[in-house]
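Here the structure is a predicted model, which means the values were calculated and not measured. Residue numbering restarts at 1 for every chain, and letters A, B, ... go by the order of the sequence lines.
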Amino acid sequence: MSDNSGFFERVYEVCRKIPEGRVTSYGAIAKYLGAAKSARMVGWAMNSSHNLEDVPAHRVVNRNGVLTGKHHFGGSNAMQQLLEEEGVQVKELQVLNLEKHFWDPMKELSREN
DNA sequence: ACTGTGACGAGGG
DNA sequence: GCCCTCGCCACAG
């Protein structure tokens with residue numbers, strides 16, 4: 001834990017901080033890590049975190065609010081299912097009321113919390 | 001050491 | 001307003 005030796009570990013940590021019923025974008029996480037241009041790396045990091053149950057990758061969607069990574073969740077709509085179970089409305093792999101469910105790490109983690 | 005990749009994002013046509 | 005292209009940067013082979 002806290003093995004911030006690599007960029008990936010950073011992503012994992014932020015993902016774990018995502019509260020239930022909330023979603024964030026790869027770009028938001030990347031920006032929080034100081035690498036806004038490495039949004040792609042965030043998603044890729046999730047690929048490695050795929051084995052880690054501590055990382056709720058299903059709460060991470062793209063800027064469009066689309067469950068882009070659902071394809072990596074086992075090929076089923078497990079990702080959408082999980083989000084709906086948490087109270088996030090999802091329609092056709094797209095999160096409804098994204099702004100309402102959006103969770104900004106920079107904003108939320110920036111505060112005292 | 002080098003190249004390719006990749007669950008994105010922003011910009012341009 | 002939608003579709004396409006480019007950029008980007010850390011990690012794996």
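Summarising the hydrophobic clusters (Ile, Leu, Val, Met, Phe, Trp, Tyr; side-chain heavy atoms under 4.5 Å, direct or chained), the residues clustered with L67(A) are V23(A), V61(A), V66(A), F73(A), M79(A), L82(A), L83(A), V88(A), V90(A), L93(A), V95(A), L98(A), F102(A).
You'll find that the side chain of R63(A) is closest to dA10(B), out of dA7(B), dT5(B), dA10(B). Side-chain atoms of S38(A) lie closest to dC9(C) of the nucleotides dC9(C), dG7(C), dG9(B). Side chain of N62(A), nearest nucleotide from dC11(C), dC8(B), dA7(B): dC8(B). For H50(A), the listed nucleotide lying nearest its side chain is dA7(B); candidates were dC11(C), dA7(B), dG9(B).
Among the protein residues, A30(A) comes within range of no part of the nucleic acid, since none of its heavy atoms lies under 4.0 Å from any strand. Residue-level contact check: S48(A) touches neither bases nor backbone, having no heavy atom under 4.0 Å from any strand.
For K37(A) and dC6(C), the NZ to C1' distance is 14 Å, given to the nearest whole Å. Here the C1' atom of nucleotide dG9(B) and the CG atom of N64(A) are 11 Å apart, to the nearest Å. To the nearest angstrom, C1' of dC8(B) lies 19 Å from NZ of K70(A). The CZ atom of R59(A) sits 17 Å away from the C1' atom of dA7(B) (whole-angstrom rounding). Per the geometry, CG belonging to L33(A) stands 14 Å off C1' belonging to dC8(B), to the nearest Å. For the pair F7(A) CZ and dA7(B) P, the interatomic distance rounds to 15 Å; values are reported in whole Å. Taking atom CG on N47(A) and atom P on dC9(C), their separation rounds to 21 Å, with Å as the unit. For the pair Y26(A) OH and dG7(C) C1', the computed distance is 19 Å after rounding to whole Å.
Not one N or O on the side chain of H58(A) forms a donor-acceptor pair closer than 3.5 Å with the backbone of Q80(A).
Nucleotides of DNA chain C nearest to R40(A) and F8(A) differ in position, and the one nearer the 5' end is that of R40(A).
Note on H71(A): every side-chain N or O is 4.0 Å or more away from OP1 and OP2 of dA7(B).
By the 4.0 Å N-to-carboxylate-O rule, E108(A) lies too far from K17(A) to be salt-bridged with it.
Counted by atom type alone, T68(A) and Y26(A) present one or more donor-acceptor pairs between their side chains at under 3.5 Å.
The 12-atom threshold is not exceeded at NZ of K31(A), counting heavy atoms of other residues, nucleotides or ligands nearer than 6.0 Å.
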